[in-house]
Structures are given as structure tokens and as C-alpha cells.
Amino acid sequence: MAHVVQSLDQPSNYKDSQTRVDRQKQNELLAKSSTLYVGNLSFYTTEEQIYELFTKCGSPEDGGGVKRIIMGLDRNTRTPCGFCFVEYYTHEEALASMRYISGTKLDERIIRCDLDLGYKDGRQFGRGRSGGQVRDEHRQDYDPGRGGWGAQAQRLEIERRREVEERYADANGMAAGGGGDWKEANVPVAPEATLKRGRSPEDDGSNARGGQRARVGDPDPDAERM
């Protein structure tokens, strides 16, 4: 069965590209390491939540426990970007976390734990082009716990919106600057030009009796009553 079920407390084959030790030396350091790399965290998971979870595998009664937690930060914004380092006092506590915590959920996300060679200043910052983790640089899915779309997809969306806005601004500029002929044809006429000349008695068609204009169908005032 030992060949069928993989041990949960074995480190992965990951090798930090910035370390200058060979594979054999790395395995020797990992065999003594009390530091864990924790990945796939939500950007909104707090240090307090991580501490509460990982202290469950600590042994404070034996002088152990969580020594410190280093939150992974976006290089540009200095905000959490989905990973952290957890340092224990003993190697056995780190192995226990790999057995019992790695693969469990924290903030509705399945987190991963891996033995680490040890934290050094500067490793808390993401190495992606946009300041976060490399894995979030080319991610094509929408993950609300890790900033939505991947950084590359976000850049493409920003460029697309900028192009739409520029085309819209150009179209409005053409509409605002054109239409000269239409404006000239629709210049309002001065009020003086619309005044009518006064009505004369000849225009009114008034008669000598009442000075009132005769209407069609009115009886002749000079006709005798029948």
C-alpha cells in the first residue's frame, strides 16, 4: 500500500528558481525545514484566519507552535495576493500541517501546503509582471477570490474599453463640428421680419351700414322680410 497511496507529508518537486542550491542540497534542507509555503489563498483571507487554522497542528505544550506568518503581497499595491509563509518552531509541526491541513478549505478555497527552504526578505512579494503571482498573470478564468480575471485578461479588457472610448469621442467630435449647412438653413428669422402689415377697410370687406365684414350665408340686410 505504501506504493499505492502517496504520503501526504512529502514535499513537492518544486524548486525555487532564485535559489542557488542543487537538488540534493535542497532535499537536505527540506528534511529539516519548519517553514511552509501556503498557496491558493483568497486575497481576502486574513492573517488571523491563517493563524487560527495552523495553530491546530502546533504543539505549544512542547515548546512549539506557530512562530510567525508572512503574508504574500502584490509588489506594486502591497496588498495580499494569495499566498503566505507559515513558520513553526519544529519540523514535525510543519509535517503535521502538510498531512492534515493541505487540501482542506479556508475561505471556501482548497489551500495547498508545501515545505519551504525558509523565508528570506523579499520573498513576500509576487513575481508576476503585474506585481502579483505568476499563476494569476495568464489565468483565463474568473476567480472572485483572486481579483477576478487574470492580469493579462484585465489588461486586454482595459485596452478594449480605451479603444471604444476613443472611437466614441471621435464620433462625437465629428457630430459637434459638422452640420454647418444645416445650421445656416435653420437660422431663426428676426421678429421684425415676421410682422404683418395692418389691415385696411378694403381688406376687411366692410359695408357702409355696420362696418362689419359680410360672411357667406348671412342674410342681406336690405332684403325685405317675407
Quiz item: What's the verdict on side chain to side chain contact (heavy atoms under 4.5 Å, CB included) for Q49 and L53, showing C-alpha distance, side-chain angles and the deciding distance?
Solution: CA-CA 6 Å; Q49 289 175 282; L53 177 61; over 6 Å; no

Exercise. Ignoring hydrogens and angles, tell me if any N or O in the side chain of T90 forms a donor-acceptor pair with the backbone of G64 under 3.5 Å.
Key: no

Quiz item: Stepwise, does the side chain to side chain contact (heavy atoms under 4.5 Å, CB included) test hold for T45 with I50?
Solution: CA-CA 8 Å; T45 298; I50 297 170; 3.9 Å; yes

Self-check item: Check: L95 and L8 side chains under 4.5 Å, non-hydrogen atoms
Solution: no

Exercise. Just do the side chain to side chain contact (heavy atoms under 4.5 Å, CB included) check on R162 and E166 with the steps written out, would you?
Key: CA-CA 6 Å; R162 185 183 297 115; E166 290 175 354; 3.7 Å; yes

Exercise. In plain terms, say whether R68 and E87 are close enough for a salt bridge, that is, a side-chain N and a carboxylate O under 4.0 Å apart.
Key: yes

Quiz item: Is there a donor-acceptor contact under 3.5 Å from the side chain of E163 to the main chain of R160?
Solution: no

Quiz item: Is the count of non-hydrogen atoms from other residues, nucleotides or ligands lying under 6.0 Å from R161 atom CZ greater than 12?
Solution: no

Exercise. Please confirm whether the backbone N or O of T35 pairs with a side-chain atom of S33, one donor and one acceptor, at under 3.5 Å?
Key: yes

Practice problem: Using a strict cut-off of less than 4.0 Å between a Lys/Arg side-chain nitrogen and an Asp/Glu carboxylate oxygen, indicate whether R109 and D143 qualify as a salt bridge. | Solution: yes

Quiz item: Any donor-acceptor pair under 3.5 Å linking the side chain of Q124 with the backbone of M71?
Solution: no

Quiz item: To the nearest 0.5 Å, what is the distance between CG (D107) and OG1 (T46)?
Solution: 7.5 Å

Quiz item: Atom OH of Y14 and atom CG of L30: how far apart are they, to the nearest 0.5 Å?
Solution: 11.5 Å

Quiz item: H91 side chain to A31 main-chain N or O, any donor-acceptor pair under 3.5 Å?
Solution: yes

Quiz item: Which distance, rounded to the nearest 0.5 Å, do you find between the CE of M98 and the CG of D114?
Solution: 5.5 Å

Quiz prompt | Heavy-atom donor-acceptor pair, E108 side chain to L106 backbone, under 3.5 Å | solution = no

Exercise. Taking R75 for its side chain and G126 for its backbone only, find out whether a donor-acceptor pair lies under 3.5 Å.
Key: yes

Quiz item: Relative to each other, are the rings of F83 and Y37 parallel, tilted or perpendicular (30° and 60° limits)?
Solution: parallel

Self-check item: Rounded distance (nearest 0.5 Å) linking atom CD of E93 with atom CG of D62
Solution: 8.0 Å

Exercise. Using a strict cut-off of less than 4.0 Å between a Lys/Arg side-chain nitrogen and an Asp/Glu carboxylate oxygen, indicate whether D22 and K25 qualify as a salt bridge.
Key: no

Quiz item: If you measure from CG on N13 to CD on Q26, what distance do you get to the nearest 0.5 Å?
Solution: 9.0 Å

Quiz item: Counting only heavy atoms not in R129, do more than 12 sit closer than 6.0 Å to its CZ atom?
Solution: no

Quiz item: Is V66 reachable from L41 through a run of I, L, V, M, F, W or Y residues, each pair having side-chain heavy atoms under 4.5 Å apart?
Solution: yes

Exercise. Report the distance from atom CG of L29 to atom CD of Q24, rounding to the nearest 0.5 Å.
Key: 11.0 Å

Practice problem: Examine I69 and V38 and state if one hydrophobic cluster contains both, with Ile, Leu, Val, Met, Phe, Trp and Tyr joined whenever side-chain heavy atoms are less than 4.5 Å apart. | Solution: yes

Quiz prompt | Pair D121 + R123, salt bridge at N-O below 4.0 Å | solution = no

Quiz item: Is the backbone of F125 close enough, under 3.5 Å, to the side chain of R78 for a donor and an acceptor to pair up by distance?
Solution: no

Exercise. Treating Ile, Leu, Val, Met, Phe, Trp and Tyr as nodes and any side-chain heavy-atom pair under 4.5 angstrom as an edge, say whether I101 and L36 lie in one connected cluster.
Key: yes

Exercise. Please assess T79 against D74 for the test side-chain hydrogen bond (donor to acceptor under 3.5 Å, both in side chains), listing each intermediate value before the final yes or no.
Key: CA-CA 5 Å; T79 56; D74 185 291; 5.2 Å; no

Quiz item: Going by atom types alone, do S97 and Y88 pair a side-chain donor with an acceptor below 3.5 Å?
Solution: yes

Practice problem: Among S102, P11, C57, find the residue that satisfies the side chain to side chain contact (heavy atoms under 4.5 Å, CB included) test when tested with C113. | Solution: S102

Quiz item: Between the side chain of Q133 and the main-chain N/O of G128, is any donor-acceptor distance below 3.5 Å?
Solution: no

